[in-house]
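Let me begin by presenting the structure, written as structure tokens, before commenting on it.
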Amino acid sequence: QVQLVESGGGLVQAGGSLRLSCATSGRTFTAYYTAWFRRAPGKEREFVAAVEWSGEKTIYADSAKGRFTVSRDNAKNTVYLQMNNLKPEDTAVYSCAAPWAPITDWEPDFWGQGTQVTVSS
């Protein structure tokens with residue numbers, strides 16, 4: 001099976017930065033992306049960013065463009081989400097998931113447990 005374990009969350013002031021990591025094990029999905037999602041209190045889960053297996057293709061939600069960078073190191077079986085210029089509205093539980101494809105209503109089979117990101121104003 002597949003395991004995804006997130007780390008790197010925490011409390012940061014607005015304007016600060018965090019780097020989330022998603023350590024993966026088990027099957028690999030070379031034809032798909034690994035994605036980051038987030039769920040804020042009282043809100044629906046939303047897509048944040050995704051990186052294709054080779055690392056050459058990335059996709060971002062509008063809210064993440066220009067501030068977040070998704071990348072991966074396949075030698076370390078880890079996917080990263082570098083988040084800069086954080087805003088209070090970025091406060092959420094961030095989860096990684098795989099496999100993912102940019103297809104409407106695509107639901108990944110495997111999810112991590114999530115890591116809390118809290119941005120204070």
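The first residue of the sequence shown is numbered 1, and numbering continues consecutively from there. No experiment lies behind these values; they were computed from the predicted model shown.
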Nearest heavy-atom neighbours spanning P99 and F110: CD-CD1, 4.2 Å
V117 and M83: side-chain contact (heavy atoms from CB on, under 4.5 Å), yes or no, with the steps? CA-CA 10 Å; V117 171; M83 304 186 294; 3.9 Å; yes
Residues 23-78 vs disulfide (SG to SG under 2.5 Å), sequence neighbours excluded, gives none
What heavy-atom pair brings V5 and Q113 nearest, and what distance separates the two atoms? CA-OE1, 3.8 Å
Take T91 and Q116, measure what side-chain contact (heavy atoms from CB on, under 4.5 Å) needs, and give me the verdict at the end. CA-CA 8 Å; T91 295; Q116 176 71 47; 4.0 Å; yes
S121 OG to K87 NZ distance, which is reported to the nearest 0.5 Å: 14.0 Å
From Y94 OH over to E6 CD, what is the distance, rounded to the nearest 0.5 angstrom? 12.5 Å
Please determine which of D73, V70, N74 meets the side chain to side chain contact (heavy atoms under 4.5 Å, CB included) test together with V79. V70
Count the heavy atoms of every other residue, nucleotide or ligand shown that sit under 6.0 Å from CD of Q3, and state whether that count exceeds 12. no
Given D90 and R38, is the side-chain contact (heavy atoms from CB on, under 4.5 Å) satisfied, shown in steps? CA-CA 9 Å; D90 294 318; R38 68 185 183 186; 2.9 Å; yes
Give a yes or no on whether the backbone of G55 and the side-chain of R72 come within a donor-acceptor separation of less than 3.5 Å. no
Can you give the donor-acceptor pairs under 3.5 Å from side chains of residues 7-36 to other protein atoms, not counting sequence neighbours?
| from | atom 1 | to | atom 2 | distance (Å) |
| --- | --- | --- | --- | --- |
| S17 | OG | N84 | OD1 | 2.9 |
| T24 | OG1 | N77 | O | 3.1 |

Going by ring pair (Phe, Tyr, Trp, His ring centres under 6.0 Å), name the pairs with one or both residues in residues 41-60, residues two or more places apart or in two chains. F37-F47, F47-W100
Apply side-chain contact (heavy atoms from CB on, under 4.5 Å) to residues V48 and F68 and explain how you reach the verdict. CA-CA 9 Å; V48 177; F68 295 2; 3.7 Å; yes
